[in-house]
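Just so it is clear, the model here is predicted, and its values are computed rather than measured.
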Amino acid sequence: NKSSVTDDTTTNAAGKISQPKPVSPEISPHHVKPCFSCGQQKPQADFTASQWKKRVGTGKCFACVSTSVQWQTGSVANTLQLKACGECSVSKRHAEFSPNQWRKAVGTGRCKDCVKRSLPYGG
């Protein structure tokens, strides 16, 4: 039925009609939010996952986060890497500490292995 075929459709070698691909998809209003720093409405792709999850009006876009002092001095990256255990003095990854021990000041938090060894029932 030629009346249902539009100028946007194409016919492949087998003679089958394929639907057009959108040139620039519309961004759903549910996938944009304002950046807390610059105030611009931005799509989800312009936010890190942790910033996107924050309440509307509190998350910062990647461009604004990357200009922060913490980002530029590397203190954000440093806190995500290693920490020395306060008991065995071995530098270990974040996953090797409980959340409570990771939050403690450098040199005081103990890794999971050291905490386990110190339990009265031997862990």
Side-chain angles (χ1 to χ4, degrees):
N1 182 342
K2 282 202 173 233
S3 64
S4 64
V5 177
T6 65
D7 293 335
D8 293 348
T9 60
T10 57
T11 306
N12 64 17
K16 294 185 179 179
I17 297 174
S18 62
Q19 294 299 316
K21 294 195 171 33
V23 177
S24 59
E26 294 289 322
I27 297 174
S28 164
H30 299 289
H31 295 287
V32 295
K33 75 181 211 176
C35 169
F36 177 73
S37 288
C38 66
Q40 296 178 5
Q41 288 284 335
K42 296 203 173 188
Q44 184 173 357
D46 287 357
F47 292 84
T48 62
S50 63
Q51 292 295 321
W52 180 257
K53 286 190 280 188
K54 292 184 176 187
R55 262 189 357 254
V56 172
T58 59
K60 295 180 183 179
C61 69
F62 183 74
C64 291
V65 168
S66 63
T67 61
S68 72
V69 174
Q70 294 91 346
W71 184 275
Q72 298 216 348
T73 60
S75 61
V76 171
N78 289 340
T79 61
L80 298 176
Q81 294 174 3
L82 300 173
K83 177 177 181 175
C85 171
E87 190 166 310
C88 68
S89 301
V90 176
S91 290
K92 297 189 176 188
R93 295 173 311 158
H94 183 271
E96 297 180 78
F97 290 85
S98 70
N100 184 46
Q101 294 296 323
W102 183 260
R103 279 192 298 270
K104 292 186 177 186
V106 175
T108 60
R110 296 182 301 153
C111 68
K112 289 177 181 178
D113 292 335
C114 288
V115 169
K116 190 176 181 179
R117 279 193 296 272
S118 71
L119 294 174
Y121 53 86

Practice problem: For residues Ser98 and Val115, determine if any side-chain heavy atom of one lies less than 4.5 Å from a side-chain heavy atom of the other. | Solution: no

Practice problem: Any pair with a residue in residues 52-63 that passes salt bridge (Lys or Arg N to Asp or Glu O under 4.0 Å), sequence neighbours left out, goes on the list, sorted by first then second residue, please. | Solution: none

Practice problem: Supply the atom-to-atom distance Gln101 CD to Cys85 SG, rounded to the nearest 0.5 angstrom. | Solution: 8.0 Å

Exercise. Determine which pairs satisfy salt bridge (Lys or Arg N to Asp or Glu O under 4.0 Å) with at least one residue from residues 95-112, sequence neighbours left out, and list them in order.
Key: Glu87-Arg110, Arg93-Glu96

Practice problem: Test Cys88 against Cys111 for side chain to side chain contact (heavy atoms under 4.5 Å, CB included), laying out the working first. | Solution: CA-CA 8 Å; Cys88 68; Cys111 68; 4.1 Å; yes

Quiz prompt | Pair Leu82-Lys92, side chain to side chain contact (heavy atoms under 4.5 Å, CB included): steps then yes or no | solution = CA-CA 5 Å; Leu82 300 173; Lys92 297 189 176 188; 5.6 Å; no

Quiz item: Which heavy atom of Cys35 sits nearest a heavy atom of Cys61, and at what distance?
Solution: SG-N, 3.2 Å

Self-check item: Rounded distance [0.5 Å steps], CZ in Phe36 versus SG in Cys64
Solution: 10.5 Å

Self-check item: Which atom of Ala63 lies closest to which atom of Lys42, heavy atoms considered
Solution: CB-NZ, 4.4 Å

Exercise. List the atom of Pro43, the atom of Val32, and the distance in Å for their closest heavy-atom pair.
Key: CA-CG1, 3.9 Å

Self-check item: Heavy-atom side-chain proximity of Asp46 to Phe62 below 4.5 angstrom
Solution: no

